[in-house]
Amino acid sequence: MDHPATSFQQPAYSETAQKFLARKPMLFINNEWIEAQGPTLPVEDPSTGRFIAEIADATDAEVDRAVAAARTAFDDGRWSDLPPIQRERTIHRLADLIEKYADEFAELEAIDNGKPKDVAAVSDIPGSISNMRYTAGWATKLSGETIEPMAQPRGAMHSFTRREPIGVAAQIVPWNFPLLMATQKISAALAAGCTLILKPAEQTSLTALRLADLVAEAGFPAGTINIITGNGHTAGARLVSHPDVDKVGFTGSTEVGKIINRAATDTMKRVTLELGGKSPVIILPDMDLATAAKGATSAIFYNSGQVCIAGSRLYAHRSIFDSLLENMEQAATSWQPRPSLEPGARMGPLVSREQMDRVMGYIDAGQKAGASAAIGGDAPATNGGYYVNPTILVNVKPEMSVVKEEIFGPVVVAQRFDDLDEVARAANDTSYGLGASIWTKDVSAMHKLAGEIKSGTIWGNCHSSLDAALPFGGYKQSGIGREKGREGVEAYTELKTVFIKL
Ligand code: NAI
Ligand code: MG
């Protein structure tokens, strides 16, 4: 389907959204909106490339003020000492309020990030709510254990462990799933009893600011949740090196993850890092091609490929490679980029000019190195906006940057393999290890590969499926620690051993 430039018309924003966009740059500290004193940052609609609002770029003094609010709130126990059931209920109330304003959240996410509103409405927003509801339950379920000492006579000592909140958490989230990442992080910290400062990405801060509106109404004591906007290298860096912050939770690039890990070392902050990926999609010869093609295209084109677990390296068995690709080219026709508020849109633009340039730069580099585009490789003609067509690169070699590096766009590199050992080696030939999917009905091959591949999550006959109850995180340079599940909440606790002589 070819669209003329003029058809990339972003539908009008709702009145509610327009009113929200007209707000002054503010920071949310101690349950109050504070007018920002420092510089501002422009907010852009990636579907049009137009500037639509301004947010605060928090100054050092404002970051310090937010940290001080969280520190005081933690130290006096106004949140951490509450009965756990009260913490659980408060998190649920915040989830209720997101649910109440779900349509508004979906529209803001679409305007800010570029993802289709229709997708945000069935995926990001309900996902945020269900993450919060699952995680809220851990407030009343965290526990230690009674452990019998090995070198003491029975009854001589009483020994047990308990979970205590770490303290003040700084949570820095990226622009690809703004509300989803924010709610996943804050709910884990809150369930554990921590207080927090959340800093959304400078490209996509709107839904976090809308969330701040609801914090006091949900019943959080002042200072429990503080939300500040600003640049990463200034506001983000200050949070991470702040001596009154005890824990950093970060999702973003591996490059910044390394900077954060180094900065955290000085005061030995606890860190959870969820970083980049280059996740393989492995299709065995027995697989039904239509199903595999549909799965492989969704794995890379969902969210315009701006997904840490995007299936960006396709490995198809030699015997099915050509027919699989034909099926994928067919399946890709339903992933043409459209403006984010267009009803029925499935894939939007990329988040920014910077991201579009990065992605087009990778495609160019790949083609110069000898790769060719089976489909896409270009951008549609538009009057602004950061659209890139779904792209499948073939004739690629393992040493090419398009195969090795995270592109974070709608670009998959397709390669052939002959046997399981070979594809396991190829899948592991990366510095990342976040996700991998294996597509086959052969149970034995499935389990063999699942054991061989070094990756935080392995999917069988699906890709990118996530669940609030299942731990999520990376091997190798894809990160440190796990989010979601019990582990995700325990990551905001210290484990204390109590050993009493009776
Ligand atoms: P980034 O890692 O710079 O940004 C993520 C967050 O980190 C933002 O909130 C940003 O303000 C903050 N940040 C940046 N520098 C910081 C610092 N020195 N200290 C503390 N916080 C800091 O990601 P960016 O530059 O927006 O995207 C670059 C590439 O990163 C993408 O092309 C993609 O490959 C990868 N990425 C991966 C994500 C994931 O989900 N794993 C999400 C976003 C980007
Ligand atoms: Mg960056």
Side-chain angles (χ1 to χ4, degrees), residues 41 44 46 55-58 60 63 112-115 124 170-178 180-182 184-185 197-208 227-242 245 248-264 266 269 271-279 302-310 312 350-363 386 388 401-402 404-411 430-435 456-457 464 466 472-474 476-480 483:
L41 297 169
E44 192 180 12
I55 54 168
D57 185 6
D60 287 355
V63 172
D112 208 13
N113 164 278
K115 69 179 66 201
D124 294 62
Q171 304 189 303
I172 300 178
V173 294
W175 43 259
N176 51 345
F177 295 94
L180 196 63
M181 295 290 106
Q184 177 168 309
K185 282 205 168 35
I197 308 100
L198 171 73
K199 194 201 81 62
E202 53 273 31
Q203 299 88 343
T204 57
S205 294
L206 298 183
T207 48
I227 300 181
I228 60 172
T229 57
N231 271 316
H233 64 278
T234 53
R238 181 129 186 129
L239 276 176
V240 168
S241 58
H242 203 295
V245 168
V248 179
F250 170 78
T251 299
S253 61
T254 293
E255 184 194 352
V256 172
K258 290 178 184 178
I259 295 173
I260 287 178
N261 208 19
R262 277 186 215 110
D266 278 340
K269 292 180 178 64
V271 292
T272 301
L273 303 174
E274 202 269 273
L275 310 175
K278 191 75 180 174
S279 300
Y302 180 69
N303 215 42
S304 306
Q306 302 168 125
V307 184
C308 54
I309 45 180
S312 50
L350 300 186
V351 73
S352 63
R353 161 68 57 194
E354 186 190 0
Q355 198 58 25
M356 182 176 177
D357 289 347
R358 274 175 73 95
V359 171
M360 294 310 293
Y362 272 114
I363 294 173
Y386 309 127
V388 173
S401 63
V402 285
K404 290 172 81 108
E405 295 170 25
E406 180 174 58
I407 298 176
F408 230 60
V411 184
T430 170
S431 57
Y432 293 115
L434 200 54
T457 299
S464 292
L466 298 172
F472 176 78
K476 301 195 268 185
Q477 293 188 34
S478 287
I480 296 179
E483 296 193 274

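Both backbone and side-chain heavy atoms feed into the values below; hydrogens, waters and symmetry mates do not. Small disclaimer: the values here were computed from a predicted structure and weren't measured. Counting starts at 1 for both ligands and their atoms, following the listed order.
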### Query
Using a threshold of 4.0 angstrom between heavy atoms of the protein and any atom of ligand 1, which residues qualify?
Ile172, Val173, Pro174, Trp175, Asn176, Lys199, Pro200, Ala201, Glu202, Gln203, Gly232, His233, Gly236, Ala237, Phe250, Thr251, Gly252, Ser253, Val256, Ile260, Leu275, Gly276, Cys308, Gln355, Arg358, Glu406, Phe408
If you look at every heavy atom in [X] and [Y], which pair is closest and at what distance?
| X | Y | answer |
| --- | --- | --- |
| Pro174 | Ala201 | C-CB, 3.6 Å |
| Thr207 | Pro178 | OG1-CB, 3.8 Å |
| Ile197 | Leu239 | CG2-CD2, 3.8 Å |

### Task
Measure the shortest side-chain to side-chain distance between Ile407 and Lys278 over non-hydrogen atoms and say whether it is less than 4.5 angstrom.
yes
### Ionic contact status for Lys185 with Glu483, cut-off 4.0 Å
yes
### Task
Could you go through the side chain to side chain donor-acceptor pair (under 3.5 Å) check for Lys115 and Gln306 one step at a time?
CA-CA 10 Å; Lys115 69 179 66 201; Gln306 302 168 125; over 6 Å; no
